[in-house]
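Worksheet for the structure shown next.
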Amino acid sequence: MTQQIEAGDGVRADGSGADTGRPGEDRPEDDRYDVQAIQARWLPVWDELAAFRSGRPDDPRPRRYVLDMFPYPSGDLHMGHAEAYALGDVVARYWVQRGHNVLHPIGWDAFGLPAENAAIKRGLDPREWTYENIAQQKASMRRYACSFDWDRLLRTCDPEYYRWNQWLFLRLHEKGLAYRRPSQVNWCPSCQTVLANEQVVAGLCERCDSPVTKKKLTQWYFRITDYADRLLEDMKQLEGAWPDKVLTMQRNWIGRSTGADVEFAIEDRPEPVTVYTTRPDTLFGATFFVVAPDSDLAAELAARAPVHVQAQFARYLELVRATSEIDRLSTEREKSGIFLHRYAINPVNGERLPIYAADYVLADYGHGAIMAVPAHDQRDLDFARTFDLPVRVVVDVRDEDDKPLPDPADTGIATAGDGVLVNSGPLDGLRKAEAIERIIEILSADGRAAAKVNYRLRDWLISRQRYWGTPIPIVHCDTCGEVRVPDDRLPVELPPAEGLELKPKGTSPLGGAGDWVETTCPTCGGPARRDTDTMDTFVDSSWYFLRYLSPDRDDVPFDVEQARRWMPVDQYVGGVTHAILHLLYSRFFTKVLHDLGFVDFTEPFTRLLNQGMVIMNGSAMSKSRGNLVRLSDQLTEHGVDAIRLTMAFAGPPEDDIDWADVSPAGSARFLARAWRLAGDVTSSPGADVATGDAALRAATHRTVHEVTDLIEGFRFNVAVARVMELVNTTRKAIDTGCGGADPAVREAVAAVAVMLSLFAPYTAEDMWARLGHAPGVALAGWPAVDELLLVEETVTCVVQVAGKVRDRLEVPPSVGEEALRELALASPAVQRALGDRGVRTVVVRAPRLVNVVPG
RNA sequence: GCCCCCGUAGCCCAACGGCAGAGGCAGGCGCCUUAAAAGCGCUGGAGUGCGGGUUCGAUUCCCGUCGGGGGCACCA
């Protein structure tokens, strides 16, 4: 190895020329690629270089915000983190190479149950467990060569952070967007806490998979439903920039429907009851009426029912409450309910409709009561058939051959489609859409109906009966009621865990902190009690991307001016598991902050990349399954770069990576091959590339050109393949072509080093040093593409006869259609293939293809 | 039940409607080695799940079907 080590041309982050860690001096003089030695060599150098600081006020580079979802500090980093951060790093490092000032921060989503559970198990303060894990993860991230700006760390469990959760809570409270109300809530008996709707997955607790039950509690909510239409509408901004899948999930979750509120008089009740329906056109087909058994209305109606019915109702209600969410949602389940011996009056025809209480009607959607039209609604039909209620067809629905569909009463299949109204008085002869419009018009004339939009989305329940979270900054005073803690008394700090019973018992552990709970009312000065609930940790993560902009400000949650500069996030990277929860809440917070005048945008994340999971042998890794792959083992065995490269090369980023299908050893071999190229470059830095081997130069420039597009399109696996190709080409050039002294080889290897710096920063840095540059390949700059070198001198034109390849012609790229046609027809191979058949047409796609179609 | 995505070599994956293979893994053959492993070099291998259609031409577009994955699913 003979190349000169001289002052390189790497751009120094600090602008100085300090020559740290002269790479050549202590480097072993053999040609062995020693992963561990390379890692050990560069890590301290990088610390000094601090290439990824983004906070210099005079930085002239264009700004770009690349954000990785921050981790929960549950032990050390695992394979999933390794994938996520490898991919996010490719994007962040790419934009740095393109000359941008990239904000790429990291922090910890540090409040939450695992810390508390660990604390309970070991009798410690959750703080200890949390901060230890954070320290460990931080060290691992550093070793993993994540290009984070370490100056902007945040931890949501720091009072300096959660203080601003409280501050934001107060702003929402002032606007009426945070409120407390009693309701039936999702309750996880195992976690002993309430759950938001979003945290109940198929009737199970998202966290521990226990069946969720219902409980009546007074809880804090954020009024996210006020923003339902905007959360839906603004998704237009995200189309094409977020995965369709995520947008679809959010749309489903918000669940907008249009219909009408219709008033039904109730016998022996002065006030009418309003129901929501999406099919007001079928009013004439209503044959009964259903209320949710756990609604106030049901209780009231039952209270004035015959005595034996009251008893039945009480029993039924008990049964319903005992039914777990998962059973309730079972499609197989037969409809249940009881007749309350009360009647509603159909506003369109005065018919008496028997009122049932049945649990297929939900208390917290619409008005908790429905009109039932069994002919045209499957659920109503199922109920009608179970309880032997009449079925009346009012829409003539036809099949594709315009034949009327059979009577639902006979088939048991409701006809929900479009058709012409029948048996419906003034609506007869109208189609569905017209009938909906008409009936609303008729009934709204005397206020008995109104068009209405409804959402599946519910308000966000944020109270948690657990210790390790943000205290809700409200004081309850007997005289003043609910009082906000004034801003200047924030944060309301969590009391020490010592002495508190953290074990879940259904009420907040903070209730046990007597000195902490007992306080004075900020308004009247009298004795008062602090609210003892803590906030859902999704509050913490709903705005953390703003805190990164000014993590040290102690007078505001974030610097508005910095937000104007950096936000919205240009690229967000994270798992699809947060498709609904975190992303929906962050979008909501952003809109609230917009309305409060703190930010001037309405969507926080411009582009979203969802990476898949790392699995093993076809299933998710778990200790119990025995297929756990430890990241630390992989890093020890193959090195950081090989693992990062494997993550990027495995396939499209959104696909799962089955670790059994990929080859970190293969990645390491490739890296060694690439690294050795640098040792075979014998020209000096600054050699005139213009004189270099043209073919290799063309390959280099074409590769850079393609890789650029591939990276921007998140096609990292293909980008890596292109770099591999260039490495192979360069190897051949050195061994059997122009040789290592050719400046084109230096150019190619330098391009490989810079491109590899996105995926394999240690290897790239070492290559860079071997090429004779000062440290800092990360700041070397993306290779410029010489467009002239992309122009091919000749291209291969494929000549087909009847679609089969019969000949190839080398032609100039500018060849004319007519000339190419002549050339192709003149080909002996073509004539042979044609035989005595004539030529019908000749399709010419100059310069690549000619297809001769025989007669 | 409804909606979406994906089926290319033993495996992971590429291929503006135009030569089915870029890259990797595994396999085979060499080199190195006393030998083996490692390492290095070279290399065979599929007609694109299946059936139709559109087209001069289909892995690519359309319809159907099978298989895999995901989302939604008493929201009136």
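A note on names: the letters A, B, ... follow the listed sequences, proteins ahead of strands, and every chain is numbered from 1.
B:U8 and B:G51 have their P atoms separated by 16 Å, with the value rounded to a whole Å. A gap of 24 Å separates the C1' atoms of B:C5 and B:A9, to the nearest Å. Atom name C1', nucleotides B:U60 and B:A14: the rounded distance is 13 Å, in whole Å. B:G30 and B:G68 are spaced 41 Å apart, taking the C1' atom of each and rounding to whole Å. B:C6 sits 14 Å from B:G17 when the P atoms are compared, rounded to a whole Å. Only the C1' atoms considered, B:G39 is 40 Å distant from B:G49, to the nearest whole Å.
Remark: the A:K245 side chain and the B:C5 base include no donor-acceptor N/O pair separated by less than 3.5 Å.
Taking the centre of each ring, A:F649 and A:F716 stay at or above the 6.0 Å mark. Taking the ring centroids of A:Y356 and A:F387, they lie under the 6.0 Å cut-off.
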| note | Heavy-atom contacts, protein to nucleotides 12-17 of chain B, under 4.0 Å, summarised as B (base), S (sugar-phosphate only) or - (none) per nt, yield SSSS--
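Residue-environment remark: CG (A:D709) exceeds the threshold of 12 foreign heavy atoms within 6.0 Å.
Atom CH2 of A:W253 is separated from atom C1' of B:C3 by 18 Å (rounded to the nearest Å).
Contacts of A:D359 classified as salt bridge (charged side-chain N to carboxylate O under 4.0 Å, His left out), with partners at least two apart in sequence or in another chain: A:R333.
The side chain of A:R456 lies closest to B:A73, out of B:A76, B:A22, B:A73.
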Could you go through nucleotides 37-39 of chain B and list every protein N or O atom that sits under 3.5 Å from one of its N or O atoms, giving the distance for each pair?
{"residue": "B:G39", "atom": "OP1", "partner": "A:R669", "partner atom": "NH1", "Å": "3.2"}

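Between the side chain of A:R806 and the backbone N or O of A:V799 there is no donor-acceptor pair closer than 3.5 Å.
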